[in-house]
Amino acid sequence: MPSIAIEWLDLALRWVHVIAGIMWIGDSFLFMWLDSNLSPPSRPREGAVAGELWMVHSGGFYEVVKRRVLAPSEMPQTLYWFKWQAYTTWLSGLLLLGVVYYLGGGVYLVDGAARGVGLGAAIGLSLGTLGAAWLAYDALWGSALARRPAVATLVSFALLTAAGFGLTRVFSGRAAFLQVGAMLGTIMAANVWRRIIPAQSQMVAATRAGRTADAALGARAKQRSIHNHYLTLPVVFTMVSNHFPSTYGNELNWLVLALLVVVGAAAKYVMNHRLASNRWIVAAGTAALLGVIALTARVSRDATAGAGFAGAAPVSFAEADAILQRRCVSCHAARPANPSFPEPPNGIVLEDPRRIRALAPRIMVRAVETRTMPLGNLTGMTDAERRTLGAWIAQGAPLGDSVEGPARPR
Ligand code: HEC
């Protein structure tokens, strides 16, 4: 497929995906918020009322009454459902996964030749683990263990961490994070499709048939809704994680991901309950946040100026430049030789000495500290080259006399 077509597909799908995701997560936040702010009815109301609340928005006043079940006579003409936000988010996400990670030779998916996994196998694993995630989650929460939610939550978290660990062995760190996010997103969408909507459909059908619906169905649907709700922050982190090489490029990236899942879920808990109840959740979230900051800070400290390169011999621009030309410029040129990139990725061109010097801090982060460049180490950069490049940058990225004049003609 021509790369311009891929780029437009990517743009269109991403646009849809983000908007649908905002709508889905927005609904999840709104309904959880409604549920936690219901108060006992202020005046007599008919039916199985769970609570009511008043809101002001859009220049008017809204009165909301929640009923656990409806009497047959109470069934309204029009009943609004919330499901297409979830389905659209998942479908567009699946297609986007294909466009970004499977097409174009899978440059983002597999990490060089080192992992020994071909593109076909990697795609199979990616799709397979999406399905497996749902089957494992649904079996766990459909089993007897679900009656002990604390234990089932711990088991779920352990499985998630194990999946993150395994996937970071096979995929690039960046793809592994996204894959875990896609697995969580699949669980969430399948919760809507296979558990929440069917339970609500059964309730509606019972009411329409003149019977009182089983409120236990509603309670079970609510449990899955709550799971989805607490997964929103972790999933959104995985979706934006590709902007943060210090997370997915960390040596212990699977641990970084696990800790950030805890941070996200705990942050949601604090949003819902303030600090009042279950202080240990707040404590766990704070500890996880401090832990993850320490983990990512450790890498920069090891590799940067003071510690790592104090005793290094002076490195000339010519030496550093030779490394960049050898390992980077196949992609980061005005006209990249790598066919996957018709334009230089992120607009980064490493051909002009002054541009190279200006970009030195980012080169340090990507090629030395986090080793997330070259992409998938496709060009086979060695550790010695990373050290040399790091030393040159730590020494102030000097250009030397030879290139301090006008930019080199190319
Ligand atoms: C196989 C192609 C490829 C090679 C080779 C490559 N890069 Fe990249 N580079 C990319 C892509 C794709 C992106 C954008 C995605 C991303 O940021 O991960 C990128 C982004 C970057 C960025 C900008 C993002 C930021 O964090 O500021 C820098 C800096 C960078 N690369 C430096 C390098 C250096 C230095 C080398 C050589 C040591 C190198 N790259 C080799 C493909 C490549």
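Counting starts at 1 for both ligands and their atoms, in listed order. Keep in mind that this is a model prediction, so the values were computed, not measured. The residues of the chain are indexed from 1 along the displayed sequence.
A salt bridge between Asp138 and Arg224 is present, with a side-chain N of the basic residue lying under 4.0 Å from a carboxylate O of the acidic one. Remark: Glu251 does not engage Arg371 in a salt bridge, criterion side-chain N to carboxylate O under 4.0 Å.
Relative to the ring axis of Phe165, Arg169 places its NZ or CZ within 45° and under 6.0 Å from the centre. For the pair Arg174 and Tyr108, the cation sits on the ring face: its NZ or CZ lies under 6.0 Å from the ring centre, inside 45° of the axis. Taking the centre and axis of the six-membered ring of Phe31, the NZ or CZ atom of Lys66 falls outside the cone set by 45° and 6.0 Å.
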Could you go through Trp8 and Asp10, starting from their C-alpha distance and side-chain angles, then the distance that decides it, and tell me whether this counts as side-chain hydrogen bond (donor to acceptor under 3.5 Å, both in side chains)? CA-CA 5 Å; Trp8 273 101; Asp10 182 340; over 6 Å; no
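Ligand 1 is approached by Thr379 to a heavy-atom distance shorter than 4.0 Å. Put simply, no part of Arg386 is less than 4.0 Å from ligand 1, judged by heavy atoms.
Aromatic ring centres of His229 and Phe29 lie closer together than 6.0 Å.
The aromatic rings of Phe317 and Trp392 are tilted relative to each other, their planes meeting at an angle between 30° and 60°. Classified by interplanar angle (parallel below 30°, tilted 30° to 60°, perpendicular above 60°), the ring pair Tyr87/Trp84 is perpendicular.
The atoms of ligand 1 that sit less than 4.0 Å from any heavy atom of Arg362 are 25 (C), 26 (O), 27 (O), 29 (C). Atoms of ligand 1 found under 4.0 Å from any heavy atom of Arg174 (numbered from 1 in listed order, with element): 15 (C), 16 (C), 18 (O). Interface atoms of ligand 1 facing Phe341, defined by a heavy-atom separation under 4.0 Å, are 2 (C), 12 (C). Under a 4.0 Å criterion applied to the non-hydrogen atoms of Tyr108, ligand 1 contributes the atoms 12 (C). Contact atoms of ligand 1 toward Leu378: 1 (C) (distance under 4.0 Å to a heavy atom of the residue).
Within a radius of less than 2.8 Å around atom 8 (Fe) of ligand 1, the protein N, O or S atoms are His332 NE2, Met373 SD.
Among all protein heavy atoms, the one lying closest to atom 5 (C) of ligand 1 is Arg327 O, 3.3 Å.
Under 4.0 Å from ligand 1, the heavy atoms of Asn338 that appear belong solely to its side chain.
Between Ser172 and Tyr248, the side chains place no donor N or O within less than 3.5 Å of an acceptor N or O (distance only, hydrogens not considered).
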